[in-house]
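Working notes, structure below.
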Amino acid sequence: MKDLQGYTLLKAIGAATDEAVADAILPDDAIITAPRPKRRRAVAAFFEKPTVVAAVCAIVALGTVVGIFMAGQAVGDPVPPLGGSIGNSTAPSATDEIATTPQEPETDLLPEEILRHNDLYYVSHGDGTCSLVGIAALPEDMVLTIPETAVNEDRVVSLRDMTMTSSLAVPNGVHLFQVKGIHIPATVTDIHIDTLHEMTALESLTVDEENPVYRSEENCLIEKERERLVYAHPHFEVDFDRIMQSSSYIPFPEFVIPNSVKVIATNALHHEFFKISDEALEEDGIDISNRIPYGYPVIIHIPTSVEQIEERFFVNDGYMAIVLSVAEDNPAYYAEGNCLIRKDSNTVILGSKNAKIPDGVTAIAPYAFSGAGLTSIHIPASVESIGELAFWNNPDLTTITGDVSAMPKIEINPDADGTYSCYYVLEGCLIQGEIQVKDGAVTTTHTLILGCANSAIPSHITDIGDYAFAWNRGLTEIDLPADLQSIGFKAFTLCPNLMTIRYNNTYERWCQVAVDDTWICDNGQLAKLYFTDQEIPMTVIGVTPDYSGKGKAEN
């Protein structure tokens, strides 16, 4: 039994994350065509790994896809899309038809004329160059080799965003998750990185040595000029002998950052772990042996060479735990409390679900804990700055604590205009206190910037910030103080169990405060709003509350 300790630990981790697997699929997730599940392969069964529930609805028409896409946009990810195009490219335009693929009905996803050439789809720029936009078929080894020239001998200079076009907008196209390898020629100098992130089965990435912009190393895509890592594919190798011989060996997926890298770009470490289940992929004849199980911790090691890490370099869209480490002699960063911290500014730039923010940290960067899967967080007294959406999208957050439990007294100069701010935690709410001095007038505001399932909003709160309670699954009811001045954008969006909202003021005042109709939970159910001047609750359906003054009375 001793030899099986490693396997037992793996099994325990899988069981602990199984519930999170099912809950992590949010209503705005993309729908992906997949057949009915069947038995896992032996390697999957060995690990008993949890998987995402496969989508079972087939998308039968492009019009349906567009409808789903547009509906998802209404309640989708509020953060602007990451990744995008790296480099510059000429704006494409239509050209003469050559084996044009049928494009009915019309779609705005790709307004240009799509041309097929040797099992790939392109759009011509009309200047002797073109962009690769989709895959009609792959060779038996499932390796995408991008040619240097395509239709009309146009040079292939760009790899466009294929996250939609490869499998949806282009009829009968190959799904990106089927691609096992990609070779980028010397001509391609503009790459949409999200396309690479969707290639979840990727085993090899190579770049022609003559390419002037990019090079490859350890399945990473690196910009030559600044040694800037723009894409890294996680490694996941199963060593069965080590599993049986060592109780400490756990084959977690790891982002291997080459020692030559100096800069890590935004969205460089981002893997679509959870879009499709292994059973569905296997049913479709796709090899799943190299796929990363849902819910496993991800290992990130920062080597000595890294001098700069851009904002939101790792996108945690699956609430995964992160095992962080930094080379001891790295001059710019260190890891402590499972937080990645920039030395010169004492700023946490990335944290994990089990992180403990160290005392002495003065700032938390934007998106630092976004999607981290937090259940609790403690804010030390040293924190002076918290970036935008630093704790956004943590649906299981139940506890917020802090070293400062009330807004401290701040010495101000009433004769000098300025803004003074601090952070404190009270009744399960993270609050930004702010004093503004302008023309001798002093104004104090208290903005709730983060709430949790157990929050009780203090009566002195003046504002609720954008996304303050967004995505919280544990929130069932909330009381809003009478003196609220504003409710931020999507402050309560996608709180699926929030059914009762009590506002300690009148309906007329409510219409002045909640001016944005996207604040309410988008759960498709009936939420009840209570006002002090109403004997019966007002009913709000979905995201369209009635602000006309008439309201809808519930009998």
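None of these values were measured; they are calculated from a predicted model.
When all heavy atoms of Cys452 and Leu397 are compared, the closest pair comes out as CB-O, 3.4 Å. Heavy atoms only, all atoms of each residue included: Val256 and Glu218 are closest at CG1-OE1, 2.8 Å. The heavy-atom pair separating Val348 from Ala368 by the smallest distance is O-CB, 3.7 Å. Scanning both residues, Ala265 and Glu310, for their nearest heavy atoms gives CA-OE1, 3.4 Å. Between Glu203 and Asn219, the shortest heavy-atom distance links the atoms O-ND2, 2.7 Å. Residue Ile309 comes nearest to Tyr333 through the heavy atom pair N-OH, 2.7 Å, listed as atom of the first residue, atom of the second, then distance.
Between the CD atom of Glu434 and the OG1 atom of Thr445 there is a distance of 4.5 Å, given to the nearest 0.5 Å. Rounded to the nearest 0.5 angstrom, Leu480 CG and Ser459 OG are separated by 12.5 Å. Rounded to the nearest 0.5 Å, atoms CG (Leu430) and CD1 (Ile377) are 9.5 Å apart. Between the NE2 atom of His301 and the CD1 atom of Ile257 there is a distance of 8.5 Å, given to the nearest 0.5 Å. A distance of 7.0 Å separates CE in Met199 from CG in Leu202, rounded to the nearest 0.5 Å. Between Ser455 atom OG and Ile478 atom CD1 the span is 6.0 Å, to the nearest 0.5 Å.
Across Leu324, Leu340, Ile264, a single residue satisfies side chain to side chain contact (heavy atoms under 4.5 Å, CB included) together with Ile300, and that is Leu324. Just one of Phe489, Tyr367, Trp471, Phe469 meets the ring pair (Phe, Tyr, Trp, His ring centres under 6.0 Å) condition when paired with Trp392; it is Trp471.
Counting only distance, with no hydrogens or angles, the side chain of Asp463 and the backbone of Gly465 share no donor-acceptor pair below 3.5 Å. Judged by distance alone, the side chain of Ser382 and the main-chain N or O of Gly360 form a donor-acceptor pair under 3.5 Å. Of the possible polar contacts, one joining the Thr532 side chain to the Asn505 backbone as a donor-acceptor pair under 3.5 Å is found. Checked by atom type and distance alone, the side chain of Thr476 never pairs as donor or acceptor with a backbone atom of Leu498 at under 3.5 Å. A donor-acceptor pair under 3.5 Å is absent between the side-chain atoms of Ser370 and the main chain of Phe391, judged by distance alone. With hydrogens and angles disregarded, a donor-acceptor distance shorter than 3.5 Å links the side chain of Asn330 to the backbone of Val306.
Judged as a salt bridge (charged side-chain N to carboxylate O under 4.0 Å, His left out), and not counting sequence neighbours, the contacts of Arg342 are Asp344. Scored by the salt bridge (charged side-chain N to carboxylate O under 4.0 Å, His left out) test, Asp403 finds no partners at all (sequence neighbours excluded). Under the salt bridge (charged side-chain N to carboxylate O under 4.0 Å, His left out) criterion, Glu477 pairs with Arg502, not counting sequence neighbours.
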Worksheet item: How far apart are the C-alpha atoms of Arg473 and Asp396, what are their side-chain angles, what is the distance that settles it, and do they pass the salt bridge (charged side-chain N to carboxylate O under 4.0 Å, His left out) test?
Response: CA-CA 6 Å; Arg473 289 192 282 245; Asp396 298 313; 2.8 Å; yes
Item to complete: Go through Lys343 and Tyr334 one step at a time and tell me if the side-chain contact (heavy atoms from CB on, under 4.5 Å) criterion holds.
Response: CA-CA 7 Å; Lys343 292 180 178 180; Tyr334 72 98; 3.6 Å; yes
Practice prompt. Take Cys339 and Phe369 through the side-chain contact (heavy atoms from CB on, under 4.5 Å) test and state the conclusion after the steps.
Written response: CA-CA 9 Å; Cys339 296; Phe369 290 88; 4.1 Å; yes
Worksheet item: Which is it for Ile341 and Ile349 under the side-chain contact (heavy atoms from CB on, under 4.5 Å) test, yes or no, and what are the steps along the way?
Response: CA-CA 6 Å; Ile341 303 167; Ile349 65 170; over 6 Å; no
Worksheet item: Given the rule in the side-chain contact (heavy atoms from CB on, under 4.5 Å) test, do Val404 and Val425 qualify, once you have shown the distances and angles that lead to the verdict?
Response: CA-CA 6 Å; Val404 180; Val425 175; over 6 Å; no
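Contact check for Glu427 versus Ile457: no side-chain heavy atoms found under the 4.5 Å cut-off. Looking at heavy atoms from C-beta onward, Thr347 lies out of side-chain contact with Ile364 at the 4.5 angstrom threshold. The shortest side-chain heavy-atom distance between Leu389 and Tyr467 falls under the 4.5 Å cut-off. In this structure the side chain of Pro358 never reaches within 4.5 angstrom of the side chain of Pro380, judged on heavy atoms. Inter-residue side-chain proximity for Leu176 and Thr195 is flagged as met; some heavy-atom pair is nearer than 4.5 Å. Glu254 has its side chain out of reach of Pro234: every pair of non-hydrogen atoms, C-beta onward, lies at least 4.5 Å apart. Counting only heavy atoms from C-beta outward, the side chains of Ile322 and Ile299 never approach each other to under 4.5 Å. Taking the side chain as every heavy atom from C-beta outward, Ile386 and Ile449 approach each other to under 4.5 Å.
Between the side chains of His446 and Thr462, no donor-acceptor pair is found at a separation under 3.5 Å. If you check the side chains of Asn454 and Thr398, you find no donor sitting under 3.5 Å from an acceptor. Side chains of His197 and Asp194: no donor on one and acceptor on the other come within 3.5 Å. In this model, no donor atom of one side chain and acceptor atom of the other lie less than 3.5 Å apart for Asn394 and Asn472.
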